Amino acid sequence: MNPFSLAGKTALVTGANAGIGRAIAVAMGQAGAHVICAGRSACDDTVALIDSAEALHLDLADPMAGQGVFAGHAIDILVNNAGIIRRADSTDFTEEDWDAVMDVNLKAVFFLSQAFARAAFAAGREGRIVNIASLLSFQGGIRVPSYTASKHGLAGITKLLANEWAARGVGVNAIAPGYIETNNTADLRADPARRQAILDRIPAGRWGQPEDIAQTAVFLAAPASRYIHGAILSVDGGWMAR
Ligand code: NAP
């Protein structure tokens, strides 16, 4: 058996309509998985790129919205990719911007993972969870307080869930993407000085593309990574080594 294959597996990817989530969904399909492309926006364009896929409406602004998802599907892989960012000086930051980001980026991830694991344990099925963390799981960032709090928290619960579930057959890990050209970084890239300053620090000499993250997600979902638990794997062109 090819340890990098996802043949026979079903993967659910949140935020699969765009950016990193779309690239992960496509890569998992290429690796042989059936992919449930979940999003608050329609995922039909992503589904069309994959041999075996279906779309699922899932708006995680309500962090408990995914509770019923695992009852109707036997899902082996959960990719918690959906995430939002709000930018403002910390002196001006609003409660709304705090709560919205924490709900999607952290609370929804925990309770979706809980529902996934409960279903896996009840069915006697093994599972893999891949969380999409951030460099701001390690660094402080600027003007993104709730995003930084949520991504530090995400790194923490990745390790906590790995500790609780590794011996029970559900592996939990995270990817910390570097600076990737998606909607998430549109504001940064629109500022030429900021874009260049970031570029100057990336040893690889370029911003990342969503596809740079996708194959790492396949690896962390595949049997090849079966002894990796609780890792926060930077895929950042060398940023954290600098
Ligand atoms: P993106 O293109 O903005 O993708 C974010 C995804 O999350 C979109 O599919 C978005 O859907 C979805 N989403 C947002 N709110 C949602 C909700 N309430 N319910 C369901 N889905 C929701 O940016 P991206 O860079 O691909 O982001 C993907 C993940 O990577 C995020 O967790 C982000 O924090 C993380 N990340 C990105 C970078 C980077 O440099 N780009 C770096 C580190 C980490 P809509 O299209 O409908 O908004």
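Numbering of ligands and ligand atoms starts at 1, following listing order. We use all heavy atoms of the structure for the numbers below, so side chains are in, but hydrogens, waters and symmetry mates are not. Note that the coordinates shown come from a computational prediction; the quantities given were computed from them, not determined experimentally.
- With respect to the salt-bridge test (charged N to carboxylate O, under 4.0 angstrom), the residues Asp92 and Arg87 do not qualify.
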Taking only distance into account, with no hydrogens and no angle test, what donor-acceptor pairs under 3.5 Å do side-chain atoms of residues 50-60 form with protein atoms, sequence neighbours excluded?
unit_1 : atom_1 : unit_2 : atom_2 : d
Ser52  : OG     : His34  : ND1    : 2.6
Glu54  : OE2    : His34  : NE2    : 2.6
Asp59  : OD1    : Ala61  : N      : 2.9

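- Under the 4.0 Å criterion applied to side-chain N and carboxylate O atoms, Arg195 and Glu181 are assigned as salt-bridge partners.
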Side chains of residues 213-228: which donor-acceptor partners sit under 3.5 Å, not counting sequence neighbours?
unit_1 : atom_1 : unit_2 : atom_2 : d
Ser225 : OG     : Arg128 : NH2    : 2.9
Ser225 : OG     : Phe219 : O      : 2.7
Ser225 : OG     : Leu220 : O      : 3.4
Ser225 : OG     : Ala222 : O      : 3.1

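- Ring geometry for Phe116 versus Phe70: interplanar angle over 60°, hence perpendicular rather than tilted (30 to 60°).
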List, one per line, each side-chain donor-acceptor pair under 3.5 Å for residues 4-16, sequence neighbours excluded.
unit_1 : atom_1 : unit_2 : atom_2 : d
Ser5   : OG     : Ala7   : N      : 3.0
Thr14  : OG1    : Val79  : O      : 3.4
Thr14  : OG1    : Asn81  : N      : 2.9
Thr14  : OG1    : Ala82  : N      : 2.9

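- When heavy-atom distances to ligand 1 are checked against 4.0 Å, the residues falling inside are Gly15, Asn17, Gly19, Ile20, Arg40, Ser41, Leu58, Asp59, Leu60, Ala61, Asn81, Ala82, Gly83, Ile84, Val104, Ile132, Ala133, Ser134, Tyr147, Lys151, Pro177, Gly178, Tyr179, Ile180, Thr182, Asn183, Asn184, Thr185, ordered by chain and number.
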